[in-house]
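Can you keep this structure in mind? I'll have questions shortly.
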Amino acid sequence: MKINNDTANKYSPSYKGIWNNKALLKGLETISEHGTTFVAATTLIMSAGIRPIAISLTPDTDKKNKQYAVTNSIASGIIKFGLVEAIALPVENAVKQIDKTPKQYLSPKTVRNLQSNAKSLKESRVYNFATQLLKQSSGFITAIPKSALTVALIPPLMDILFNRKKENNKKEKGKEISAYNTYNPVFSPNFDNNNGNTPSFKGALSNQAAKGIGKILNADSFQKFAKKCSGKDADIARNMSMATDLLLTSSFIYRTSKSDKIEQDRKKALIANNVISTGLTLLGGYSIDNIIKKNTGKFIKKFSEINKNDPKLNKYIEGINIVRPTLIFAGLYYGILPIFSTYLADKTDKFTRKEIQK
């Protein structure tokens, strides 16, 4: 039976299963568009569920040190997710808006440069790298405020989870609610900037964010950087995650050491736990990711061949490149390493105390 070449070269339905599964493709596209949200949601689930369990199972470890480690994990996940919803989500929605109407936000020169040799802007590897870099950068930018808020949340959360200083908890809650409504008017129920209508990311706020992102994309220096580095798009999520973790840990150390709400004799164990976790993640994460990336590369090659005529192919590949390091580092940092880091941090704390007593 003779097969027409034009038909054979089309986005063929003859391939079944995972390669062109509609649910998978839609999921990868969504992850590509909301990569930072996906990372934050994964972090929230792992930090509030898996990691506390792992810490609790750590043998021969001081109970109070465990409690602080559990509280730190939960506080970190909550704050990260909250900041993503408040800051990263508008950036992601802004990029999505530029995707739909690029001429409204980008100059003709920018469109030509970022489109490069691709059929359209959305299919351009350079454009997708540039926008993914901007979306992933929001996590790095918010690292310092995230660590500050995490350290601030640990004491009241300790009160709630372990009934510590229960009488002060209500006062702290009242202060937090009052400060939230005063400091963050955009999300306050009394705020009105849309003639009585609820403000929406898809409205004026999203439009302003898109204009801001458009200005960055219109910059010649940013376009040159995107063109130069677009070949390394498979590593962007991993590298940004690592850079963010380093900044977070450094800031956390400083904030914890200066906090007057965290018990003085528990600070060293809490700091050591974070340093050990980050260090082991950096050492092991890159090695494991490089090994898995080789196998993922084979998957992406076949995946690309099967979906080569799909205009959203670059979006799907972006999604794969976000999922891979996210799950690897989440599994390491929140599932496996807490047992080692909590144990080692506790032993380091006890050893330091003995030395001081001498």
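What you see is a predicted model; the values in this text were computed from it and never measured.
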Any chance the side chains of Ser147 and Thr150 put a donor and an acceptor closer than 3.5 Å?
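Absent: no donor and acceptor within the cut-off.
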Check: Ala54 main-chain N/O paired with Thr58 side-chain donor or acceptor under 3.5 Å
yes
So the salt bridge (Lys or Arg N to Asp or Glu O under 4.0 Å) pairs with at least one residue in residues 314-325 (sequence neighbours excluded) are Asp99-Lys315, Asp289-Arg324
Go through the side-chain N and O atoms of Glu123 and Asn314 and say whether any donor and acceptor fall under 3.5 Å apart.
no
Tyr254: which residues meet the ring pair (Phe, Tyr, Trp, His ring centres under 6.0 Å) condition with it, sequence neighbours left out?
none
Just checking, is any N or O donor in the side chain of Gln136 or Thr36 under 3.5 Å from an acceptor N or O on the other one?
no
So, are Lys96 and Glu33 salt-bridged, with charged N and O less than 4.0 Å apart?
yes
If a pair satisfies salt bridge (Lys or Arg N to Asp or Glu O under 4.0 Å) and one of its residues is in residues 40-57, list it, with sequence neighbours excluded.
none
What are the two closest heavy atoms between Pro102 and Leu121, and how far apart are they?
CB-CD2, 3.6 Å
Salt-bridge contact Lys347-Asp60 (side-chain N to carboxylate O under 4.0 Å)
yes
Consider only side-chain N and O atoms of Asn20 and Asn307, and report whether a donor and an acceptor are under 3.5 Å apart.
no
Name the orientation class of the two ring planes belonging to Phe225 and Phe129 (parallel below 30°, tilted from 30 to 60°, perpendicular beyond 60°).
tilted
Tyr343 and Asn273: side-chain donor and acceptor closer than 3.5 Å?
no
Within the 3.5 Å criterion, strictly below it, is a donor on Ser76 or Lys146 matched to an acceptor on the partner's side chain?
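Yes, side-chain donor-acceptor contact under 3.5 Å.
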Do the side chains of Lys66 and Asp62 get close enough for a salt bridge, i.e. N-O under 4.0 angstrom?
no
